[in-house]
Amino acid sequence: MNKVVKNAEEAIRDIADNMTIALGGFGLCGIPEKCIEALVKKDVKGLTCISNNAGVDDFGLGMLLQKKQIRKMVSSYVGENAEFERQMLSGELEVDLIPQGTLATRLLAGGYGMPAIYTPAGVGTEIAEGKEVRKFKFNGMEKEYLLEHAFEPAFSIVKAWKGDSAGNLVYRLTARNFSPLIAMAGKVTIAEVEELVPDGELDPDQIHTPGIFVHRIFEGKDYEKRIEQRTVSPKNA
Amino acid sequence: MLDKHGIARRIAREIKDGMYVNLGIGIPTLVANYIPDGIDVVLQSENGILGMGPFPVEGTEDADLINAGKQTVTLLPGSSIFDSAMSFGMIRAQKVDLTILGAMEVSENGDIANWKIPGKMVKGMGGAMDLVACARNIIVAMQHVNKRGESKLLTECTLPLTGVRCIKKIVTEMAVLEVLPEGSFFLAERAPGVSVDQIREATAGKLKVPDEVPEMTV
């Protein structure tokens, strides 16, 4: 089975206006740089983007925001982005802020074929408004939980370190973050990888995302992998 | 009166050998610098690390290795990497023993507000709502009063809540306080050079003061 496509343009060819897409990454770590560039070039509009963060002004999802291609962001934290703030305050951009664990688990539920989950995060706060609350005795205590629905993005886009033509993926360090969950949740999942290796080279025991979840894969060139907060220790500490 | 390093040093003494600990952004991050020798703890970062180490030596930064504050970090021997769902799984299931985080307000019944100021840009709650709703032990590191001199230890929070009835211990520049189950702050320790009256003055919520309030050792 060969899922390899030529490049990002081919991989995202049928992402159209007003679709819901999910994108991997935490801050700028592990974001699908090449597909984001291709979406900017294609100029699709009205996107709903499910992604933990919204990039910075000139990189990551910030590039889609600059061109007003995003109608709604679904994220847990959206700091570090002036254009985002402007669009949000002016009402041009709809924003759905949800707890990070809830975001991860709603994606997981989508990928695992479950319609909803119960979580204690946000009970008694404004994010619980209008949601079903149910008490469970669990882990030795009775507590309230919120019902939260699974995400079912039309397209999921992730970036991995290595992949093969069967779509198997291996992520590197904390660039993994949301990507395995997002890869599983998509109706169509696109993976861009730093290195596309020959079949048989990846150790089956070490695969993070099995190929069944990945529909298209390509090798990206010249990754920038920008660092958002460069923090270092002194040399002789 | 403690500075932020003093608050971090006092909180570090709450950490016991063998604990898995999640540190929030700001003062909580500083706690890692003051963990006493001989105490073996594993730091969890909710973007997917157990066994997080210090910042990398200049020139060895890796864009693929960051903490939840998006800062470049390192891994210690015995560390592991996992996805975000598993990360919040270990938080929700209380495998993580202790969470240390900052707050804008805490109420006398243990409610916490730390994610949103109405009318100001809302950046989001990140993992804070999951952490406070799930953690067995939460210590709040905060200033006792805000920049206008108003108490941040209140009868009821005025800001939108992050979690309800979840905070049990607070360390400020003036005091260590415990939240009692019936709904009041118990003054457990005072900072060097701070009087009980000063703490009373700076605490808007109900404050229970024992006959003897020991001065904290930091």
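The analysis underlying the following values was restricted to heavy atoms, covering all of them including side chains, and did not include hydrogens, waters or symmetry mates. Chain A is the first sequence line, chain B the second, and so forth, proteins listed ahead of strands; every chain is numbered from 1.
A side-chain donor-acceptor contact under 3.5 Å links T174(A) to the backbone of I66(B). Of the possible polar contacts, none joining the D83(B) side chain to the L181(A) backbone as a donor-acceptor pair under 3.5 Å is found. The backbone N or O of F55(B) sits less than 3.5 Å from a side-chain atom of S233(A), completing a donor-acceptor pair. Remark: side-chain polar atoms of K143(A) are not paired, donor with acceptor, to backbone N or O of C134(B) under 3.5 angstrom. In terms of modelled atom types and a separation under 3.5 Å, the side chain of T72(B) and the main chain of R230(A) share no donor-acceptor contact.
Only the backbone of N67(B) has a heavy atom closer than 4.5 Å to any heavy atom of chain A. For N139(A), the part sitting under 4.5 Å from any heavy atom of chain B is the side chain, from C-beta outward, and nothing else. Heavy atoms closer than 4.5 Å to chain A are found nowhere in L131(B), neither backbone nor side chain. Of the atoms belonging to E144(A), not a single heavy atom falls under 4.5 Å from chain B. In this structure, chain B has no heavy atom under 4.5 Å from any part of Y171(A). Contact annotation for T74(B): neither backbone nor side-chain heavy atoms come within less than 4.5 Å of a heavy atom of chain A. If you measure heavy-atom distances from N53(A) to chain B, the contacts under 4.5 Å come from the side chain alone. At a 4.5 Å heavy-atom cutoff, the contact between V122(B) and chain A is made by backbone and side-chain atoms alike.
Scanning all heavy atoms of the two residues, the minimum distance from R176(A) to F82(B) falls at NH1-CA, 3.8 Å. Closest heavy-atom contact between M141(A) and Q94(B): CE-NE2, 3.7 Å.
Heavy atoms from other residues, nucleotides or ligands lying under 6.0 Å from OH of Y34(B) number more than 12. By the neighbour-count criterion of 12 heavy atoms within 6.0 Å, atom CD of Q66(A) is densely surrounded, having more than that number from other residues, nucleotides or ligands. Counting heavy atoms of neighbouring residues, nucleotides and ligands inside a 6.0 Å radius, atom NZ of K4(B) does not exceed 12 of them. Remark: F136(A) CZ is packed, more than 12 non-hydrogen atoms of other residues, nucleotides or ligands lying under 6.0 Å away. Applying the 6.0 Å contact sphere to CZ of F138(A) captures no more than 12 heavy atoms from other residues, nucleotides or ligands. More than 12 non-hydrogen atoms from other residues, nucleotides or ligands lie less than 6.0 angstrom from CZ of R86(A). More than 12 heavy atoms of other residues, nucleotides or ligands lie within 6.0 Å of NZ in K68(A), so this atom counts as buried by the packing criterion. For I212(A), the CD1 atom sits in a loose shell: 12 or fewer heavy atoms of surrounding residues, nucleotides or ligands are nearer than 6.0 Å.
With chain B as the partner, the residue from L107(A), V123(A), I98(A) showing the most heavy-atom pairs under 4.5 Å is I98(A). Counting heavy-atom pairs closer than 4.5 Å to chain B, the top-ranked of the candidates S76(A), A104(A), G122(A) is S76(A). Comparing G59(B), A68(B), S45(B) by heavy-atom pairs within less than 4.5 Å of chain A, the highest count is held by A68(B). In terms of non-hydrogen atom pairs under 4.5 Å with chain A, the most contact-rich of G126(B), G127(B), A85(B), A133(B) is G126(B). Between chain B and the options L173(A), T231(A), V95(A), the largest number of non-hydrogen pairs under 4.5 Å is found for T231(A). No other option in M88(A), K225(A), R172(A), H208(A) has as many heavy-atom pairs under 4.5 Å with chain B as R172(A). Most heavy-atom pairs under 4.5 Å with chain A, from the set G69(B), G124(B), P160(B), P56(B): that is P56(B). With respect to chain B, the highest number of heavy-atom pairs below 4.5 Å among C29(A), S75(A), S179(A), A175(A) belongs to C29(A). When L97(A), L108(A), N81(A) are compared by the number of non-hydrogen pairs under 4.5 Å with chain B, L97(A) comes out ahead.
In this structure, CH2 on W161(A) lies 9.5 Å from CG on D64(B), to the nearest 0.5 angstrom. Atoms CD and CD, on E228(A) and Q71(B) in that order, are 10.5 Å from each other to the nearest 0.5 Å. A distance of 8.0 Å separates CD in Q100(A) from CD1 in I91(B), rounded to the nearest 0.5 Å. Here M125(B) contributes atom CE and T102(A) contributes atom OG1; the two are 8.5 Å apart, rounded to the nearest 0.5 Å. One finds the CG atom of D130(B) at 7.5 Å from the OG1 atom of T105(A) (value rounded to the nearest 0.5 Å). A distance of 6.0 Å separates CD of E46(B) from CZ of F26(A), quoted to the nearest 0.5 Å.
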